[in-house]
Engineer: 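I am attaching a structure below and will ask some questions about it afterwards.
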Amino acid sequence: MNTPIYDFVTNYCKSGTARLHMPGHKGMGQLGCEARDITEISGADSLWEADGIIAESEHNAAGLFGSAATFYSTEGSSQCIRAMLYLAAYARPGAPGERPLILAARNVHRTFVLAAALLDLDVCWLWPDTPSASVCSCPVSAEGLRRALRAAPRRPAAVYLTSPDYLGTIQPVEQLAPICHEAGIPLLVDNAHGAYLHFLHPARHPLDLGADICCDSAHKTLPVLTGGAYLHLSQNAPAAFLQAARQALAIFGSTSPSYLILQSLDLANRYLSEDYPSKLAGCAQALSQLRQTLSDFGWKCWGDEPLKLTLNAAFCGQDGRYLADQLRKAGIECEHADRDFLVLMATPETSPAHLTRIKQALGRAPHAPARQPLVGLAYPPCQVLSIRQAIFSKSEEISTQQALGRVLASPTVSCPPAVPILVSGERIDEDAQRVFGEHGIDTLRVVC
């Protein structure tokens, strides 16, 4: 497969052209990559008005993913999430003056909350049928979605899911998409952790399972520089989405997108078009075997995402943060660890020796009684202000212990996993205080 962006920059580097344009390093510097770091010069195309090499490369990506259109982001899935919500809320006919409503599974990334504030969206939350074992997970059943649609105060502009979630659980998109479509509502999926899912056999990418639009963080699971992401529109996506998608990205994107990241996305097309599916299958099989071995050793594996190895530390009476420290001593850095879970992410670039090192470092699970895992909120909190009102209100930071009865101003959560416990505009009750305390959050920003 051709790589038009990469080839253009390669030829420009060889041309000896005097760089009387940005950036200021003029192609020279200590990092070693400066020669390939250019801006929107003649022939380089422009990301938000793409009709040349960038458009050609995006067309290549759309063919690989089977989408109606794929657009590049150099600012991660965060930019794509904002664009998705904009498309659902405003690139469609709607009642004049009506605030758009999104029906969303509760385990959203904080980017979703901030985008809801910027776009002035109302959100009705989808909650799991039983309390989840982690704030990162929110399994949605078909019947649960039907109930939520019936209970919604007005017609939602979209249904929004996060799948896979941070712990490696995949939502049943193939069951949920038909329910959305029967109601005439588009399904949006934050697929940041699952760019590779289309290349499995059978494919498990949200677009393959019926989603209308989704974002992929290419940099999370593909050999792409940090910040590289895709916005995919399905073959059945509303025509208005296709017409407005690039404009939606431009609203939230920098006018100086990184050409290093664009080249990385461009080269990924060639990588995906060659023997990537066989490499991926081999990696997934090796991880499956490692999970089986660890299960035989007494560890409890979690989730069903092929490229994540997630251990339920609480089940084995362990602390995930302690396990992360033990792995670090063995030269292994994990993706995420909290009290209950340990998350490791692999790709075909992960060597078999590194998987063996994980097995050796963990060894057999200690004989310890299972520890009661943390659970999320026992019941939905009370929404006092809209998300926008709360985030843009005057606020102050106080201790969590003093916050009972106050209204949360901005989400308090670290990244990773960046999943808010409480959402802006919700009242802090004793249940919320409990969950904040269990996650070590000692201060909160509340509305004055």
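A quick note: this is a predicted structure, and the numbers were derived from the prediction, not measured.
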Engineer: For Arg270 and Thr3, indicate whether the former's side chain and the latter's backbone hold a donor-acceptor pair under 3.5 Å.
Structural biologist: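 Such a contact is absent between Arg270 side chain and Thr3 backbone.
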
Engineer: Salt bridge (Lys or Arg N to Asp or Glu O under 4.0 Å): which pairs involve residues 75-85, sequence neighbours left out?
Structural biologist: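 Residue pairs passing salt bridge (Lys or Arg N to Asp or Glu O under 4.0 Å), neighbours aside: none found.
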
Engineer: Which pair of heavy atoms, one from Ile391 and one from Pro411, lies closest together, and at what distance?
Structural biologist: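 In terms of heavy atoms, the two residues are closest at CD1-CD, 4.5 Å.
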
Engineer: Give, for atom CG of Asn107 and atom OG1 of Thr162, the distance between the pair rounded to the nearest 0.5 Å.
Structural biologist: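 With rounding to 0.5 Å, CG (Asn107) is 4.5 Å from OG1 (Thr162).
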
Engineer: Is there side-chain contact between Leu307 and Thr350, with heavy atoms separated by less than 4.5 Å?
Structural biologist: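 Side chain of Leu307 against side chain of Thr350, heavy atoms only: no contact under 4.5 Å found.
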
Engineer: Enter the distance from Arg291:CZ to Lys308:NZ here, rounded to the nearest 0.5 Å.
Structural biologist: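 Interatomic distance, Arg291 CZ to Lys308 NZ, rounded to 0.5 Å: 10.5 Å.
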
Engineer: Sort and list the pairs that fulfil side-chain hydrogen bond (donor to acceptor under 3.5 Å, both in side chains) and have at least one residue in residues 241-256, not counting sequence neighbours.
Structural biologist: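 For residues 241-256, and leaving out neighbouring residues, the side-chain hydrogen bond (donor to acceptor under 3.5 Å, both in side chains) pairs sorted by first residue read Glu58-Arg246.
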
Engineer: Quick one: ring-ring contact (aromatic ring centres under 6.0 Å, His included) partners of Trp127, sequence neighbours excluded?
Structural biologist: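 ring-ring contact (aromatic ring centres under 6.0 Å, His included) check on Trp127 returns nothing, list empty.
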
Engineer: So does Lys300 have more than 12 non-hydrogen atoms from other groups sitting under 6.0 Å from NZ?
Structural biologist: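 Counting other residues, nucleotides and ligands, NZ of Lys300 stays at 12 neighbours or fewer.
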
Engineer: Which pair of heavy atoms, one from Arg155 and one from Gly184, lies closest together, and at what distance?
Structural biologist: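 Heavy atoms of Arg155 and Gly184 come nearest at NH2-O, 2.7 Å.
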
Engineer: List the residues meeting side-chain hydrogen bond (donor to acceptor under 3.5 Å, both in side chains) with Glu34, not counting sequence neighbours, and say none if there are none.
Structural biologist: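 If we apply the side-chain hydrogen bond (donor to acceptor under 3.5 Å, both in side chains) test to Glu34, skipping adjacent residues, there are no hits.
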
Engineer: Which residues satisfy the salt bridge (charged side-chain N to carboxylate O under 4.0 Å, His left out) test with Glu438, sequence neighbours excluded?
Structural biologist: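 With neighbours one apart ignored, the set is Arg434.
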
Engineer: So do the side chains of Pro100 and Leu119 get within less than 4.5 Å of each other, counting heavy atoms only?
Structural biologist: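 No, side chains not in contact.
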
Engineer: For Gln292, enumerate each residue passing the side-chain hydrogen bond (donor to acceptor under 3.5 Å, both in side chains) test, keeping only those at least two apart in sequence or located in another chain.
Structural biologist: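 Applying side-chain hydrogen bond (donor to acceptor under 3.5 Å, both in side chains) to Gln292 gives Asp296.
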
Engineer: After noting the C-alpha distance and the side-chain angles of Phe112 and Leu188, does the key distance pass the side-chain contact (heavy atoms from CB on, under 4.5 Å) rule?
Structural biologist: CA-CA 12 Å; Phe112 174 98; Leu188 284 53; over 6 Å; no

Engineer: Say whether, by atom type as modelled, one donor and one acceptor occur between the side chain of Trp299 and the main chain of Phe315 under 3.5 angstrom.
Structural biologist: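 The answer is no, because no donor-acceptor pair under 3.5 Å joins these two groups.
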
Engineer: Indicate yes or no: at least one non-hydrogen side-chain atom of Leu362 is less than 4.5 angstrom from one of Phe297.
Structural biologist: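 The answer is no; the side chains never approach within 4.5 Å.
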
Engineer: Could you tell me the separation between the OG atom of Ser67 and the CG atom of Leu207, rounded to the nearest 0.5 Å?
Structural biologist: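 Taking OG in Ser67 and CG in Leu207, the distance rounds to 6.5 Å.
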
Engineer: According to side-chain contact (heavy atoms from CB on, under 4.5 Å), who are the partners of Thr10, at least two apart in sequence or on a separate chain?
Structural biologist: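 With neighbours one apart ignored, the set is Tyr6, Lys14, Arg36.
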
Engineer: Partners of Asn60 by side-chain hydrogen bond (donor to acceptor under 3.5 Å, both in side chains), sequence neighbours excluded?
Structural biologist: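 side-chain hydrogen bond (donor to acceptor under 3.5 Å, both in side chains) list for Asn60, sorted by chain: Asn2.
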
Engineer: Do the side chain of Asn11 and the main chain of Asp7 share a donor and acceptor less than 3.5 angstrom apart?
Structural biologist: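 Yes: the side chain of Asn11 pairs with the backbone of Asp7.
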
Engineer: Would you give the length of the straight line joining atom CG of Asp165 to atom SG of Cys138, rounded to the nearest 0.5 angstrom?
Structural biologist: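 Going from the CG atom of Asp165 to the SG atom of Cys138 covers 9.5 Å.
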
Engineer: Could you tell me which non-hydrogen atom of Gly253 sits nearest to which non-hydrogen atom of Trp48, and how far apart they are?
Structural biologist: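 Heavy atoms of Gly253 and Trp48 come nearest at CA-CZ2, 4.0 Å.
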
Engineer: Do the side chain of Gln79 and the main chain of Phe252 share a donor and acceptor less than 3.5 angstrom apart?
Structural biologist: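 Answer holds: no.
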
Engineer: Any donor and acceptor pair, going by atom type alone, linking the side chain of Tyr160 with main-chain N or O of Val108 inside 3.5 Å?
Structural biologist: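 It does not hold such a pair.
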
Engineer: Determine whether Arg147 and Asp129 make a side-chain contact, defined as any pair of heavy atoms from C-beta on separated by less than 4.5 Å.
Structural biologist: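 Result yes, sub-4.5 Å side-chain heavy-atom pair found.
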
Engineer: Show the nearest heavy-atom pair for residues Gly66 and Gln235, with the distance to one decimal.
Structural biologist: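 Closest pair (atom of Gly66, atom of Gln235, distance): O-NE2, 3.5 Å.
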
Engineer: Given the rule in the side-chain contact (heavy atoms from CB on, under 4.5 Å) test, do Phe8 and Ile54 qualify, once you have shown the distances and angles that lead to the verdict?
Structural biologist: CA-CA 10 Å; Phe8 174 86; Ile54 294 175; over 6 Å; no

Engineer: So do Leu294 and Leu309 actually touch side chain to side chain, heavy atoms under 4.5 Å?
Structural biologist: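 The answer is yes, as the side chains (C-beta and beyond) meet within the 4.5 Å cut-off.
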
Engineer: Go through Leu149 and Arg146 one step at a time and tell me if the side-chain contact (heavy atoms from CB on, under 4.5 Å) criterion holds.
Structural biologist: CA-CA 5 Å; Leu149 286 169; Arg146 287 193 180 95; 5.7 Å; no

Engineer: Is the distance between the ring centroids of His193 and Tyr166 less than 6.0 Å?
Structural biologist: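 Close enough - the centres of the two rings lie under 6.0 Å apart.
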
Engineer: Is it true that His109 and Asp190 share a donor-acceptor pair across their side chains at a distance under 3.5 Å?
Structural biologist: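 Distance-only check fails for Asp190 and His109.
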
Engineer: Backbone N or O of Ile261 within a donor-acceptor pair of the Ser258 side chain at under 3.5 Å?
Structural biologist: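 Present.
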
Engineer: So Tyr196 and Thr347, do their side chains get closer than 4.5 Å, heavy atoms only?
Structural biologist: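 No; the side chains remain at least 4.5 Å from each other.
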
Engineer: Determine which pairs satisfy ring-ring contact (aromatic ring centres under 6.0 Å, His included) with at least one residue from residues 254-288, sequence neighbours left out, and list them in order.
Structural biologist: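 Of all non-adjacent pairs touching residues 254-288, those that pass ring-ring contact (aromatic ring centres under 6.0 Å, His included) are Phe199-Tyr276, Tyr271-Tyr276.
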
Engineer: I need the minimum non-hydrogen distance between Leu377 and Ala432, along with the two atoms involved.
Structural biologist: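 Heavy atoms of Leu377 and Ala432 come nearest at CD2-CA, 3.8 Å.
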
Engineer: Going through the checks in order, is the side-chain contact (heavy atoms from CB on, under 4.5 Å) test met by Leu344 and Leu327?
Structural biologist: CA-CA 10 Å; Leu344 300 104; Leu327 289 176; 4.0 Å; yes

Engineer: Between atom CG of Leu267 and atom CE of Met1, what is the distance when rounded to the nearest 0.5 Å?
Structural biologist: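 The CE atom of Met1 is 12.5 Å from CG of Leu267, to the nearest 0.5 Å.
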
Engineer: Quick test of your reading: applying salt bridge (Lys or Arg N to Asp or Glu O under 4.0 Å), list the pairs with at least one residue in residues 319-331, sequence neighbours left out, ordered by first then second residue.
Structural biologist: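 Those involving residues 319-331 are Asp319-Arg321, Asp325-Arg328, Arg328-Glu333.
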
Engineer: Would you say Ser264's side chain and Leu260's backbone share a donor-acceptor pair under 3.5 angstrom?
Structural biologist: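 Absent.
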
Engineer: Kindly assign one of parallel, tilted or perpendicular to the pair Tyr90 and Tyr86, based on the angle between their ring planes and the thresholds 30° and 60°.
Structural biologist: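 Rings of Tyr90 and Tyr86: tilted, 30 to 60°.
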
Engineer: State the CG-OG1 distance between Asn269 and Thr70, to the nearest 0.5 angstrom.
Structural biologist: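 Output value for this atom pair is 9.0 Å.
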
Engineer: For Arg106, check salt bridge (charged side-chain N to carboxylate O under 4.0 Å, His left out) against everything at least two apart and list the hits.
Structural biologist: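 Once residues adjacent in sequence are excluded, the partners of Arg106 under the salt bridge (charged side-chain N to carboxylate O under 4.0 Å, His left out) criterion are Glu426.
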
Engineer: Does a donor on one side chain and an acceptor on the other come within less than 3.5 Å for Ser134 and Asp340?
Structural biologist: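 There is no such pair (donor and acceptor under 3.5 Å, judged by atom type) between the side chains of Ser134 and Asp340.
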
Engineer: So does Cys215 get a backbone contact from the side chain of Ser77, meaning a donor-acceptor N/O pair under 3.5 Å?
Structural biologist: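 Side chain of Ser77 to backbone of Cys215, a donor-acceptor pair under 3.5 Å: no, none is there.
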
Engineer: Are Trp302 and Thr169 close enough that some pair of their side-chain heavy atoms sits under 4.5 Å apart?
Structural biologist: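 In short, these two side chains touch, coming nearer than 4.5 Å.
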
Engineer: Suppose the criterion is side-chain hydrogen bond (donor to acceptor under 3.5 Å, both in side chains): which pairs have a residue in residues 201-216, not counting sequence neighbours?
Structural biologist: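 Checked against side-chain hydrogen bond (donor to acceptor under 3.5 Å, both in side chains) - neighbours excluded - the pairs reaching residues 201-216 are His181-Asp212, Asn191-His205, Asn191-Asp216, His198-Asp208, His205-Asp216, Asp216-His232.
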
Engineer: How far apart are the closest heavy atoms of Asp45 and Ala55, and which atoms are they?
Structural biologist: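 Scanning both residues, the minimum pair turns out to be OD2-N, 3.4 Å.
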
Engineer: Please tell me if the side chains of Leu176 and Val159 come closer than 4.5 Å, counting only heavy atoms from C-beta onward.
Structural biologist: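 They are not in side-chain contact.
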
Engineer: Is a side-chain N or O of Thr400 found less than 3.5 angstrom from the main chain of Ile441, in a donor-acceptor match?
Structural biologist: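 Yes, the answer is positive, given that a donor and an acceptor are paired below the 3.5 Å cut-off.
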
